[in-house]
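Here's the structure, in structure tokens; my notes come after.
As the structure is a prediction and not an experimental result, all values here were calculated from the model.
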Amino acid sequence: MGRLAFGSETITLDDRLLGHLEVVMVTKLRRREPFILTWTVDPSLGSGRVSRWVGVSTSWDIRYHSRAIGPLNPAWIDALMSTANSPGGLRIVPEPDQDNAATG
């Protein structure tokens with residue numbers, strides 16, 4: 001498990017998910033497109049959800065637990081980017097099966 005941090009606020013997420021989120025976040029910010037990032041809070045921490053505004057001046061960093069995350073799934077990047085481009089903002093969605101995404 002790696003982490004995505006905004007100042008003193010830290011979200012713990014799977015390295016594979018972080019790799020895909022990083023691609024989407026960097027792409028949006030390179031285009032100078034700010035967005036809302038929303039994630040759910042673990043029930044052990046009180047439940048609910050958090051939304052964070054991310055713009056070009058937002059300070060954030062990602063720390064991966066492992067060195068390699070494996071190959072990226074273009075279908076997952078597309079799905080995450082689709083949420084990032086929506087009014088609701090970037091949300092974590094399950095990774096689609098690459099085989100089914102190519103055919104369907």
Check step by step if side chain to side chain contact (heavy atoms under 4.5 Å, CB included) holds for Met25 and Trp60. CA-CA 10 Å; Met25 292 173 68; Trp60 57 278; 3.8 Å; yes

Would you say [X] and [Y] make side-chain contact, with heavy atoms under 4.5 Å?
X     : Y     : answer
Ile62 : Arg3  : no
Trp76 : Arg16 : yes
Arg63 : Leu18 : no
Thr58 : Leu29 : no

What distance separates [X] [atom1] from [Y] [atom2], expressed to the nearest 0.5 Å?
X     : Y     : atom1 : atom2 : answer
Glu22 : Leu4  : CD    : CG    : 9.5 Å
Arg91 : Arg49 : CZ    : CZ    : 9.5 Å
His20 : Ile92 : NE2   : CD1   : 13.0 Å
Asp61 : Thr10 : CG    : OG1   : 8.0 Å
Ile77 : Ser82 : CD1   : OG    : 13.5 Å
Leu80 : Thr27 : CG    : OG1   : 11.0 Å

In terms of hydrophobic clustering (I, L, V, M, F, W, Y; side-chain heavy atoms under 4.5 Å; direct or indirect links), are Met1 and Tyr64 co-clustered?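 Different hydrophobic clusters.
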
Verify same cluster id: Trp53, Val26 (apolar side-chain graph, 4.5 Å):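 In one cluster: no.
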
In residues 31-41, what donor-acceptor pairs under 3.5 Å come from side-chain atoms, sequence neighbours left out?
from	atom 1	to	atom 2	distance (Å)
Glu33	OE1	Lys28	NZ	3.0
Thr38	OG1	Ser51	OG	2.7

Closest non-hydrogen atom pair between Phe6 and Val54, with its separation: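 Scanning both residues completely, I find the closest heavy atoms to be CE2-CG2, 3.9 Å.
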
Would you say Asn73's side chain and Glu95's backbone share a donor-acceptor pair under 3.5 angstrom?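 No; zero donor-acceptor contacts below 3.5 Å.
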
Do Asp15 side-chain atoms and Gly2 backbone N/O form a donor-acceptor pair below 3.5 Å?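 Indeed, once roles are kept as given, a pair shorter than 3.5 Å links the two residues.
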
Report the C-alpha distance between Val50 and Ile11 in whole Å, list the side-chain angles of each, state the deciding distance to 0.1 Å, and finish with yes or no for side chain to side chain contact (heavy atoms under 4.5 Å, CB included). CA-CA 10 Å; Val50 176; Ile11 314 159; over 6 Å; no

